[in-house]
Amino acid sequence: MNVAIVGGGIVGLASAYYLAERGADVTVYEKGSLGSGSTERSVGGIRAQFSTPVNVELSLASMAVWEAFANEFGTDIAYRRPGYLFAAREEATARAFEEQVAMQNDLGVPSELLAPEEATDHCPGLRAEEFVAATYSPTDGFADPHLALQGFAEAARESGAEIRTRTAVTEIHREGEANDAEVTGLTVKGSERRDADFVVNAAGPWARRVAAMAGVEIPVAPERRQIAVVDPETPVPEDVPLTIDLDTGSHFRPEREGKALVGGHFGGDSEERRSSESASGKTATGEDPEADPEQDPDGFDRKIDLDWAVEAVERASDCATYFGPDSEIRRGWAGLYAVTPDHHPIVEETRPGLVNAVGFSGHGFQHAPATGQLVAELVLDGEASLVDISALGSDRFERETLLEERNVA
Ligand SMILES: Cc1cc2nc3c(=O)[nH]c(=O)nc-3n(C[C@H](O)[C@H](O)[C@H](O)COP(=O)(O)OP(=O)(O)OC[C@H]3O[C@@H](n4cnc5c(N)ncnc54)[C@H](O)[C@@H]3O)c2cc1C
């Protein structure tokens with residue numbers, strides 16, 4: 001079986017590994033360098049505290065791989081498990097927590113519902129008085145996305161996959177009519193043609209464009225998200241969980257030496273920035289601040305916006321005492337989420353010969369190990385069995401039977 005994968009991020013490389021390991025003849029085409037899309041911009045969070053069973057199942061199947069990664073792949077990915085702590089300010093959010101913890105427990109996740117005071121056992125700096133409830137799971141945590149990406153890339157190569165960087169896919173070939181058209185291969189760099197039994201679209205924020213090359217319309221939109229590296233006034237201990245103030249969208253996690261990674265999407269931040277900078281033309285990075293990632297996922301501003309970072313630290317300070325007025329913003333970065341309308345991915349054979357593994361909506365790093373195995377199953381077995389992914393087909397957007405993931409940061 002001859003498989004061409006579009007995209008050398010964590011999803012493309014995990015897919016390459018699991019396909020090659022099972023004997024497929026695999027080539028990965030990456031238009032830039034490996035990980036240069038979203039993967040190297042991720043904070044590496046890995047959790048099972050999702051609000052829908054399919055996301056929990058993707059997490060559990062993936063965690064089994066993350067746990068064994070060092071042994072299986074010979075790469076230490078700095079996997080640490082101080083847990084994730086979700087905190088609710090609103091009663092409605094707290095009620096949803098109850099249902100979610102019951103569902104997660106049914107699926108084998110050791111999450112628990114906590115009173116805010118109990119949550120301070122895990123995050124001593126949490127401002128318990130601001131919250132009405134929390135959930136915590138000790139098996140959640142984070143790993144280093146760069147190391148994980150390299151681990152999958154190396155293992156894919158060792159299993160026989162070819163990985164070509166600086167090689168953009170420019171065309172996808174089809175035979176037949178409209179919805180029945182079969183994907184037969186692709187063109188790279190504008191002129192080099194190759195046949196393929198399957199093309200896998202693992203193009204992250206560019207996924208909609210790549211799908212369109214095959215005549216397929218999918219609702220995956222690139223959305224800019226930012227992370228600030230902060231020296232908090234009070235160092236954040238390394239055993240503090242990744243803490244999410246769910247009703248404000250603010251989140252932070254410990255980094256080395258007391259530092260913290262602080263994030264959050266507060267609505268309109270990127271849009272406000274674009275309009276406030278448009279008067280002065282281009283930014284210090286030389287990129288056009290008006291570039292809309294949705295129109296041009298290559299042209300967005302990769303630097304953090306200082307106003308956003310100040311707001312992010314203020315919001316983190318409303319959540320936990322570590323971020324007093326003497327906290328210092330050291331640096332930061334921006335990247336793209338690939339977002340679907342219901343914050344769930346599309347994992348399916350959309351047309352004969354075309355597998356989409358896209359739209360991970362901020363969760364694609366952690367779900368890559370399960371996704372890679374599912375892609376290999378779709379290609380080699382004709383159906384997925386690791387996880388029931390019947391809910392992740394793109395026809396759900398036509399039927400509007402959308403899933404709802406509430407635990408989105
Ligand atoms: C700030 C931030 C924080 C995040 N934190 C987390 C987190 O804590 N946990 C988590 O699970 N996820 C997180 N994510 C999301 C995660 O980074 C992504 O879901 C994941 O990296 C997606 O991997 P991917 O392989 O699908 O896409 P990408 O890594 O974007 O890879 C797609 C690749 O396709 C290539 N490509 C596109 N078009 C073409 C073409 N025509 N030809 C050839 N190559 C092409 C691109 O160059 C790119 O390298 C975060 C994202 C951001 C931005």
Side-chain angles (χ1 to χ4, degrees), residues 4-16 27-47 50 55 58-59 62 66 84 140-146 148-149 152-153 163-172 186-190 199-214 220 222-228 242 244 251 253 261-265 293 297-298 300 302 304 312 332-340 343 345-347 356-372 375 408-409:
I5 297 177
V6 190
I10 192 92
V11 171
L13 292 169
S15 302
T27 308
V28 178
Y29 297 98
E30 164 55 51
K31 69 182 172 62
S33 54
L34 296 185
S36 59
S38 302
T39 298
E40 300 253 352
R41 295 177 174 268
S42 159
V43 297
I46 298 169
R47 56 159 156 135
F50 281 96
N55 268 342
L58 288 173
S59 293
S62 295
W66 294 129
Y84 259 57
D140 292 348
F142 35 85
D144 183 321
H146 171 76
L149 180 95
F152 271 125
I163 299 175
R164 293 181 60 183
T165 55
R166 315 235 170 259
T167 308
V169 171
T170 46
E171 234 178 289
I172 294 179
L186 41 73
T187 298
V188 297
K189 294 180 163 182
V199 171
V200 177
N201 178 6
W206 294 264
R208 195 171 63 189
R209 286 187 181 182
V210 170
M213 290 180 198
V220 177
E223 289 190 10
R224 191 168 172 271
R225 292 288 188 278
Q226 307 180 72
I227 295 294
L242 194 154
I244 302 182
H251 57 89
R253 77 153 167 88
L261 299 184
V262 176
H265 180 54
D298 292 309
F300 79 101
R302 289 166 174 76
I304 57 162
W333 65 86
L336 298 175
Y337 276 15
V339 179
T340 62
H343 298 101
I346 299 165
V347 184
N356 276 306
V358 299
F360 289 88
S361 307
H363 313 132
F365 167 70
Q366 60 195 291
H367 286 163
T371 304
V375 167
V408 179

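Both counts, for ligands and for their atoms, begin at 1 and track the order of listing. Worth saying up front: this structure is predicted, and the values here are computed from it rather than measured.
Ranking protein heavy atoms by distance to atom 25 (O) of ligand 1, first place goes to Val11 N, 3.0 Å. Scanning all protein heavy atoms for the shortest distance to atom 27 (O) of ligand 1 gives Gly204 CA, 3.5 Å. Looking at atom 4 (C) of ligand 1, its nearest protein heavy atom turns out to be Ser42 CA, 3.4 Å. Looking only at heavy atoms of the protein, atom 44 (N) of ligand 1 is closest to Lys31 N, 3.0 Å. For atom 42 (N) of ligand 1, the closest non-hydrogen atom of the protein is Val169 N, 2.9 Å. Scanning the protein heavy atoms around atom 7 (C) of ligand 1, the nearest turns out to be Gly45 N, 3.4 Å. Ranking the protein heavy atoms by distance from atom 19 (O) of ligand 1 puts Gly364 N, 2.9 Å first. Regarding atom 49 (O) of ligand 1, its nearest protein heavy-atom neighbour is Glu30 OE1, 2.7 Å.
Checked against a 3.5 angstrom limit, the closest N/O atoms of Val43 and ligand 1 fall inside it. Taking distance alone, with nitrogen or oxygen atoms compared against 3.5 Å, Phe360 stays at or beyond that limit from ligand 1. Considering backbone and side-chain N/O of Val210, none are found under 3.5 Å from N/O of ligand 1. Between Thr39 and ligand 1, at least one pair of N/O atoms sits closer than 3.5 Å. Distances between N or O atoms of Val6 and those of ligand 1 include no value under 3.5 Å. Taking any N or O of Trp333, backbone or side chain, none lies under 3.5 Å from an N or O belonging to ligand 1. Between Ser38 and ligand 1, a contact under 3.5 Å exists for at least one N or O pair.
A donor-acceptor pair under 3.5 Å is formed between the side chain of Trp66 and the backbone N or O of Gln366. A donor-acceptor pair is defined here as one N or O able to donate and one able to accept, closer than 3.5 Å; such a pair exists between the side chain of Glu30 and the backbone of Gly8. No donor-acceptor distance shorter than 3.5 angstrom exists from the side chain of Thr39 to the backbone of Gly9, with no hydrogens or angles considered.
At a heavy-atom distance under 4.0 Å, no atom of Thr170 approaches ligand 1. Of the heavy atoms in Ala202, only backbone atoms (N, CA, C, O) come closer than 4.0 Å to ligand 1. Under 4.0 Å from ligand 1, heavy atoms of Phe365 appear from its side chain as well as its backbone.
A cation-pi arrangement is not found for Arg224 relative to Tyr337, the charged atom failing to lie both closer than 6.0 Å to the ring centre and inside a 45° cone about the ring normal.
Ring pair Phe50/His363 is perpendicular by interplanar angle, where above 60° counts as perpendicular and below 30° as parallel.
Trp206 contributes atom CH2, which lies 12.0 Å from atom CG of Asn201 (distance to the nearest 0.5 angstrom). The line from CZ of Phe142 to CG of Leu242 is 6.5 Å long, rounded to the nearest 0.5 Å. Within the model, atoms CD1 of Ile227 and CZ of Arg41 stand 11.5 Å from one another, a figure rounded to the nearest 0.5 Å. In this structure, His343 NE2 and Asn55 CG are separated by 11.0 Å, a value rounded to the nearest 0.5 Å. Between atom CD1 of residue Ile10 and atom OG of residue Ser42 there is a gap of 8.5 Å, rounded to the nearest 0.5 Å.
Counting the atoms of ligand 1 from 1 in the order shown, those under 4.0 Å from a heavy atom of Ala203 are 32 (C), 34 (O), 37 (C), 38 (N). Listed by number with element, the atoms of ligand 1 under 4.0 angstrom from any heavy atom of Arg41 are 1 (C), 2 (C), 3 (C), 52 (C). Listed by number with element, the atoms of ligand 1 under 4.0 Å from a non-hydrogen atom of Leu336 are 53 (C). Taking every non-hydrogen atom of Ile227 and a distance limit under 4.0 Å, the qualifying atoms of ligand 1 come out as 1 (C). Atoms of ligand 1 found under 4.0 Å from any heavy atom of Gly362, numbered from 1 in the order shown, are 6 (C), 9 (N), 10 (C), 11 (O), 12 (N), 13 (C), 14 (N), 15 (C). Each of the atoms 9 (N), 10 (C), 11 (O) of ligand 1 lies under 4.0 Å from some heavy atom of Gln366. Listed by atom number, the atoms of ligand 1 under 4.0 Å from Ala168 heavy atoms are 42 (N), 43 (C). Within ligand 1, counting atoms from 1 as listed, the ones closer than 4.0 Å to a heavy atom of Pro205 are 30 (O).
Remark: Lys31 engages Asp298 in a salt bridge, criterion side-chain N to carboxylate O under 4.0 Å.
Applying the salt bridge (Lys or Arg N to Asp or Glu O under 4.0 Å) definition to pairs two or more places apart or across chains, those involving residues 202-214 are Arg208-Glu294.
Selection from Phe142, Tyr337, Tyr29 by nearest heavy atom to atom 50 (C) of ligand 1 gives Tyr337.
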